[in-house]
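Treat the numbers as computed from the prediction; the structure is a model and nothing was measured.
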Amino acid sequence: MDSTIGSQLQTCKPSNGMLGNPAQNGATILDSNAPPSLVAADATLGRHLARRLVEIGVKDVFSVPGDFNLTLLDHLIAEPGLKNIGCCNELNAGYAADGYARSRGVGACVVTFTVGGLSIINAIAGAYSENLPVICIVGGPNTNDYGTNRILHHTIGLSDFSQELRCFQTVTCYQAVVNNLEDAHEQIDRAISTSLKESKPVYISISCNLPAIPHPTFTREPIPFSLSPRSSNKMGLEAAVEAATTFLNKAVKPVIIGGPKLRVAKACEAFVELADACGYPIGVMPSAKGLVPEHHSRFIGTYWGAVSTSFCAEIVESADAYLFVGPIFNDYSSVGYSLLLKKEKAIVVQPDRVVIANGPAFGCVLMKDFLQALAKKVNRNPTAFENYQRIFIPDGVPTKSDPKEPLRVNIMFQQLQKMLSSSTAVIAETGDSWFNCQKLKLPEGCGYEFQMQYGSIGWSVGATLGYAQSVPDKRVISCIGDGSFQVTAQDVSTMLRCEQKSIIFLINNGGYTIEVEIHDGPYNVIKNWDYTGLVEAIHNGEGNCWTKKVRNEGELIEAIGTATGEKKDCLCFIEVIVHKDDTSKELLEWGSRVCAANSRPPNPQ
């Protein structure tokens, strides 16, 4: 993530209380009572919002047009630094903004009132769960309709327009309903700055008749954001570091594990600084893959309980002290609450809080500050890593197959591993791709994203669109199951319109395999599609697209060679046909444990 985005941004309100620019060199400040003749024709709410988005790092906005947002879209596309990416549906527009925010540090989407807002809300909930700043902008009703008994289209037939707002209140950290120009400037700036500070989505509703109206508060260039940097409580930081140092230096074989909240805390570099200093073996929680450098000399893999990288769980769970940095422990990451960890051995570092075992907790201590200070104090102790080196046995390789025998999933991922470099990024869809992609070894600079906390199937199609749009210099490799693809397939069309060159591996195994391993039933079988035929129909001769259906290793190798060679400038779609029961061993283990957790009987009353 670009550390410059969001780290320097803050709503600035001039000390004189005016919302316009402060006076300089005796210049007159225009207030809201200025005569219309002094207001420039382009001093509009729409232009202000567009400039703000560009200023915080947004270059692309993902949208679905509707009659309430059309005028606003006119102003957004008029901004030279902003490109409108029209999506096939609101859900994918939200997923695209999610994927974009993962790389750029912030994303934005624009939809229409209620029918659009309630369609996109699932994607916004996912961004909330993953701590991603997404600016969700909705074109709202005409200002004259508020407070009347009128019933509008795109609503549920009530004169109360607050239904959409109430729905968004639980999945965004700030909501702004802009239905007058007097405080529009302040509301927009506060929403954007709150999103950046909290690293969560926000909701901005803008009445459809406001974007084009000039107003004095928008007369000049927007005052640049300048988010005041957050700082730790000095005494709390010192106490936390002292307590952690004492705890860790007493340990014989401590370990350090990176978690997904490293992203929101912007502490990835500080984590590496501490890892270099302490000498501990370095693991990563599954949802943090890609945030911790796997090329580090003491990286031991993914800690995921019973489905961890070989030898990683043994080292972590036998340690007498574990330092978890930014973890999220839920039923999925804990493999059905089966982790063999003890609270009294753990230090848990969250973005603004440190908890030492069963003992003290220190608030107002920023993760980045804590890790950097701890790196200067903690004793170097490589004991646990030396133990790892003693027991480690290199990974085996899949049994060699005849090039023409039916393709196995482990062979597919063996070939996919060879494709990875610093100029690629991997998007893993919810399902068995979680487990197979988790085993990929990421070269330095290779991106990696998946949505573990929310786990919404179909997320990866929109996320691939958004992520690829944000990093045009990388080639995105997406691994998507057939069931997930059926949910959101349409926006392959948008990838073609945007001239993206991603490689999509569609894994066709005839159903919802991850659900089969949790609890099987006829509902997990889906109608088979001609997936390459579908993509060819979407292509329709417009744009650069290449598709291939593969059934064995020989065909796969040939397809990968074509996609990375002759068709390297095309969107490539490779349908991989495998057996319905061909899954990773990790999914088999994980599925049975999650099934057990889901099946627990009610506690006695």
**Student:** Looking only at heavy atoms, what is the nearest atom pair of R390 and N387, with distance?
**Tutor:**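 For R390 and N387, the tightest heavy-atom pair comes out as NH2-OD1, 2.5 Å.
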**Student:** According to side chain to side chain donor-acceptor pair (under 3.5 Å), does anything in residues 348-366 pair up with another residue at least two apart or in another chain? List the pairs.
**Tutor:**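 Qualifying pairs, neighbours excluded: none.
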**Student:** Can you run down the ring-ring contact (aromatic ring centres under 6.0 Å, His included) pairs that involve residues 420-439, sequence neighbours left out, and say none if there aren't any?
**Tutor:**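 Sorted result for residues 420-439: W304-F435, Y332-W434, W434-F450, F435-W590.
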**Student:** Donor-acceptor pair, distance only, cut-off 3.5 Å: does the side chain of S460 make one with the backbone of E429?
**Tutor:**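 Looks like no, no N/O pair under 3.5 Å.
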**Student:** Does any part of the side chain of M419, heavy atoms only, come nearer than 4.5 Å to the side chain of T424, both counted from C-beta?
**Tutor:**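 They are not in contact (no side-chain heavy atoms under 4.5 Å apart), so the answer is no.
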**Student:** Atom NZ of residue position K345 - does it have more than 12 heavy atoms of other residues, nucleotides or ligands inside 6.0 Å?
**Tutor:**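 For K345, atom NZ is crowded (more than 12 foreign heavy atoms under 6.0 Å).
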**Student:** Give the intermediate values and the outcome of side-chain contact (heavy atoms from CB on, under 4.5 Å) for residues V487 and W459.
**Tutor:** CA-CA 9 Å; V487 178; W459 162 86; over 6 Å; no
**Student:** Do the side chains of I135 and V106 get nearer than 4.5 Å, heavy atoms only?
**Tutor:**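 Yes, side chains in contact.
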**Student:** Could you tell me whether the side chains of S502 and T464 share a donor-acceptor contact shorter than 3.5 Å?
**Tutor:**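 On atom types as modelled, these side chains do not qualify, holding no pair under 3.5 Å.
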**Student:** Minimum heavy-atom separation for Y467 to G99, with atom names?
**Tutor:**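 So the minimum-distance heavy-atom pair works out to CD1-O, 3.5 Å.
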**Student:** Would you indicate whether the side-chain heavy atoms of F311 and I393 approach each other to under 4.5 Å?
**Tutor:**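 Side-chain contact under 4.5 Å: yes.
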**Student:** Given side chains that start at C-beta, do those of I300 and T309 come closer than 4.5 Å, heavy atoms only?
**Tutor:**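 Counting from C-beta outward, I300 and T309 never come under 4.5 Å.
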**Student:** Between R104 and V58, is there a donor-acceptor pair closer than 3.5 Å when you use the side chain of the first and the backbone of the second?
**Tutor:**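 The answer is no, because no donor-acceptor pair under 3.5 Å joins these two groups.
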**Student:** If you define the side chain from C-beta out and look only at heavy atoms, does anything of Y322 sit under 4.5 Å from K342?
**Tutor:**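 They are in side-chain contact.
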**Student:** Restricting to non-hydrogen atoms, name the atom on V594 and the atom on D331 that form the minimum distance, rounded to 0.1 Å.
**Tutor:**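 Result for this residue pair: CG2-O, 4.5 Å.
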**Student:** Are any of the side-chain heavy atoms of L341 and E317 separated by less than 4.5 Å?
**Tutor:**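 With C-beta onward as the side chain, the pair touches.
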**Student:** Is it true that the side chains of S199 and N131 contain a donor and an acceptor less than 3.5 Å apart?
**Tutor:**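 No, because no side-chain N or O of S199 sits under 3.5 Å from a partner of the opposite role on N131.
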**Student:** When you compare the side chains of Y95 and S456, does any donor N or O come within less than 3.5 Å of an acceptor on the partner?
**Tutor:**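 Checked: Y95/S456 side chains pair up, N/O donor to acceptor below 3.5 Å.
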**Student:** For L440, does its backbone N or O pair with a side-chain atom of K289 as donor and acceptor, under 3.5 Å?
**Tutor:**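 At least one qualifying donor-acceptor pair exists.
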**Student:** Where the side chain of K368 meets the backbone of A267, is there a donor-acceptor pair that is under 3.5 Å apart?
**Tutor:**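 Not confirmed, K368 side chain does not pair with A267 backbone.
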**Student:** Judged by modelled atom types alone, do N436 and S433 share a side-chain donor-acceptor pair under 3.5 Å?
**Tutor:**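 The criterion, which ignores hydrogens and geometry beyond distance, is not satisfied for S433 and N436.
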**Student:** Not counting sequence neighbours, list each pair that qualifies as a side chain to side chain donor-acceptor pair (under 3.5 Å) and has a residue in residues 438-450.
**Tutor:**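 For residues 438-450, and leaving out neighbouring residues, the side chain to side chain donor-acceptor pair (under 3.5 Å) pairs sorted by first residue read R102-E449, R263-E449, T302-Q438, D395-K441, K439-E586.
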**Student:** Assess the residue pair T583 and V409 against the criterion (side-chain contact (heavy atoms from CB on, under 4.5 Å)); give the C-alpha distance rounded to whole Å, side-chain angles, the decisive distance to 0.1 Å, and a yes or no.
**Tutor:** CA-CA 7 Å; T583 67; V409 170; over 6 Å; no
**Student:** Is it true that the side chains of N524 and H519 contain a donor and an acceptor less than 3.5 Å apart?
**Tutor:**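 Side chains of N524 and H519: no pair found under 3.5 Å.
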**Student:** Please check: side-chain N/O of S333 versus main-chain N/O of I328, any donor-acceptor pairing under 3.5 Å?
**Tutor:**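 A pair under 3.5 Å: yes.
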**Student:** So which atom in Y280 and which in L248 form the shortest heavy-atom distance, rounded to 0.1 Å?
**Tutor:**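 Answer, listing the atom of Y280 first, then L248: OH-CB, 3.5 Å.
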**Student:** So S195 and I192, do their side chains get closer than 4.5 Å, heavy atoms only?
**Tutor:**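 The answer is no, as the side chains (C-beta and beyond) never meet within the 4.5 Å cut-off.
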**Student:** Strictly distance-based, threshold 3.5 Å: is any side-chain N or O of T170 a donor or acceptor partner for the main-chain N or O of C167?
**Tutor:**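 Between the backbone of C167 and the side chain of T170 there is a qualifying donor-acceptor contact (under 3.5 Å).
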**Student:** Does this structure show an ion pair linking E186 with R190, if we count only N-O contacts that are shorter than 4.0 Å?
**Tutor:**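 Yes, this pair counts.
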**Student:** Using salt bridge (Lys or Arg N to Asp or Glu O under 4.0 Å), reason through R593 and E589 one step at a time and then give a plain yes or no.
**Tutor:** CA-CA 6 Å; R593 289 176 182 259; E589 176 72 28; 2.4 Å; yes
**Student:** Donor-acceptor check, side chain of Y100 to backbone of K59, threshold 3.5 angstrom: yes or no?
**Tutor:**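 Looks like yes, one N/O pair under 3.5 Å.
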**Student:** Is the F329-F324 ring centre distance short of 6.0 angstrom?
**Tutor:**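 Ring centroids of F329 and F324 are less than 6.0 Å from each other.
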**Student:** Are the side chain of S599 and the backbone N or O of C595 linked by a donor-acceptor pair below 3.5 Å?
**Tutor:**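 At least one qualifying donor-acceptor pair exists.
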**Student:** Please check: side-chain N/O of S338 versus main-chain N/O of V335, any donor-acceptor pairing under 3.5 Å?
**Tutor:**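 Indeed, once roles are kept as given, a pair shorter than 3.5 Å links the two residues.
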**Student:** Does R298 use its side chain to pair, donor to acceptor, with the backbone of A275 at less than 3.5 Å?
**Tutor:**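 A pair under 3.5 Å: yes.
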**Student:** Just so I know, are the side chains of Y303 and V255 near enough to count as touching, which here means a heavy-atom distance under 4.5 Å?
**Tutor:**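 Side-chain contact under 4.5 Å: no.
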**Student:** Give me the atom names and distance for the closest heavy-atom approach of G305 to L339.
**Tutor:**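 Scanning both residues completely, I find the closest heavy atoms to be CA-CD2, 3.4 Å.
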